Structure formats: structure tokens, C-alpha cells
Amino acid sequence: MACLQTICRDGPSTFSLLRKDTINYNILAMRTAKSFTIEEDVDAYVSATKGEGSASERVNELLRRAILQEQAERLEREAAAFFANPRNTARKETRAFQKASIRTLSRD
């Protein structure tokens, strides 16, 4: 609290900004207690790979990695769907753009 009091002397705006950032950080850092049933082999893997941290921290780490991997896979599917447009419609638009570009460049 001494740190906050020192900053508070500089003015109320500095204190309110620090307090706001602290509140936002605390909200992000909160954890929710949940109960899930996991298979024995998953529990054994978590226990074997947790190291110095807790099993809960290891499960969170593995879930974050899985979430990132799933998001990357979804983006790959979206990109594949985007670039898999039928050639006829995409080609017409490409040619129209090329013609307009040529006309614009020929004016200069």
C-alpha cells in the first residue's frame, strides 16, 4: 500500500489509472474452481509431467496448448475454404480488376 500512497501524491489521475490497471489485472488473473472427470491415463500423464508446479497448473497449460492448436486448425480450414472459391467467379473478378488497373495506369 505504501507504493499506492506514494503514487497518490502525484495526483488523483495517476492513482485512478494504477487502480484501474490493477483491477483489470486481478480480473484476468482470477481462477474458477471446476470439477472434471478425466481418464486414468490422462491423470498419470499430468502427474508425470507436472514437475515442480501443481497438477492444476499443468492441466491449464495443456488446455491452453490444445486451445491454440484447435484455433490454428480452424484458421487453416477457413483459409482453405476461402481459397477454394470456384475459379470462374474468381477469375471474372480478377480480369475485371486487371482491366481497370490497366486503364488507370494508361491514363498516367
Side-chain angles (χ1 to χ4, degrees):
M1 199 59 151
C3 179
L4 291 177
Q5 291 171 352
T6 303
I7 292 173
C8 192
R9 287 184 200 149
D10 294 338
S13 60
T14 306
F15 175 76
S16 62
L17 287 175
L18 178 62
R19 188 166 187 276
K20 189 178 193 179
D21 291 341
T22 304
I23 290 170
N24 288 338
Y25 174 76
N26 287 338
I27 289 171
L28 293 175
M30 286 185 199
R31 292 185 176 204
T32 305
K34 296 280 185 178
S35 176
F36 296 97
T37 304
I38 59 173
E39 297 174 4
E40 288 181 18
D41 59 333
V42 174
D43 185 39
Y45 179 79
V46 169
S47 296
T49 60
K50 69 178 183 169
E52 296 293 320
S54 69
S56 179
E57 289 172 348
R58 179 65 176 150
V59 169
N60 282 331
E61 179 185 342
L62 291 170
L63 286 173
R64 277 189 217 98
R65 287 183 182 187
I67 289 169
L68 290 174
Q69 182 177 355
E70 197 171 80
Q71 289 173 344
E73 290 170 357
R74 185 178 59 230
L75 286 174
E76 285 180 24
R77 286 192 305 270
E78 288 176 9
F82 178 80
F83 289 109
N85 280 339
R87 287 187 155 221
N88 293 337
T89 58
R91 189 67 181 152
K92 284 181 188 177
E93 293 169 359
T94 302
R95 286 193 181 180
F97 180 74
Q98 287 172 346
K99 286 180 183 179
S101 297
I102 290 171
R103 282 193 306 265
T104 301
L105 292 174
S106 65
R107 279 188 254 160
D108 294 335

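The structure displayed is predicted, hence computed values, not measured ones.
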Trainee: Could you work out, with side-chain contact (heavy atoms from CB on, under 4.5 Å) as the rule, every residue matching K34, not counting sequence neighbours?
Mentor: T32, F36

Trainee: Could you give all pairs that pass the salt bridge (Lys or Arg N to Asp or Glu O under 4.0 Å) test and reach residues 61-76, with sequence neighbours left out?
Mentor: R58-E61, E61-R65

Trainee: Restricting to pairs with a member in residues 37-52, which pass salt bridge (Lys or Arg N to Asp or Glu O under 4.0 Å), not counting sequence neighbours?
Mentor: none

Trainee: According to salt bridge (charged side-chain N to carboxylate O under 4.0 Å, His left out), who are the partners of R77, at least two apart in sequence or on a separate chain?
Mentor: none

Trainee: For E57, what residues pass the salt bridge (charged side-chain N to carboxylate O under 4.0 Å, His left out) criterion, not counting sequence neighbours?
Mentor: none

Trainee: Is V46 reachable from L63 through a run of hydrophobic residues whose side-chain heavy atoms are each under 4.5 Å from the next?
Mentor: yes

Trainee: Would you compute the distance between atom OG of S56 and atom CG of N60 and round it to the nearest 0.5 angstrom?
Mentor: 5.0 Å

Trainee: Calculate, to the nearest 0.5 Å, the distance between atoms OG and CZ belonging to S106 and R103 respectively.
Mentor: 8.5 Å

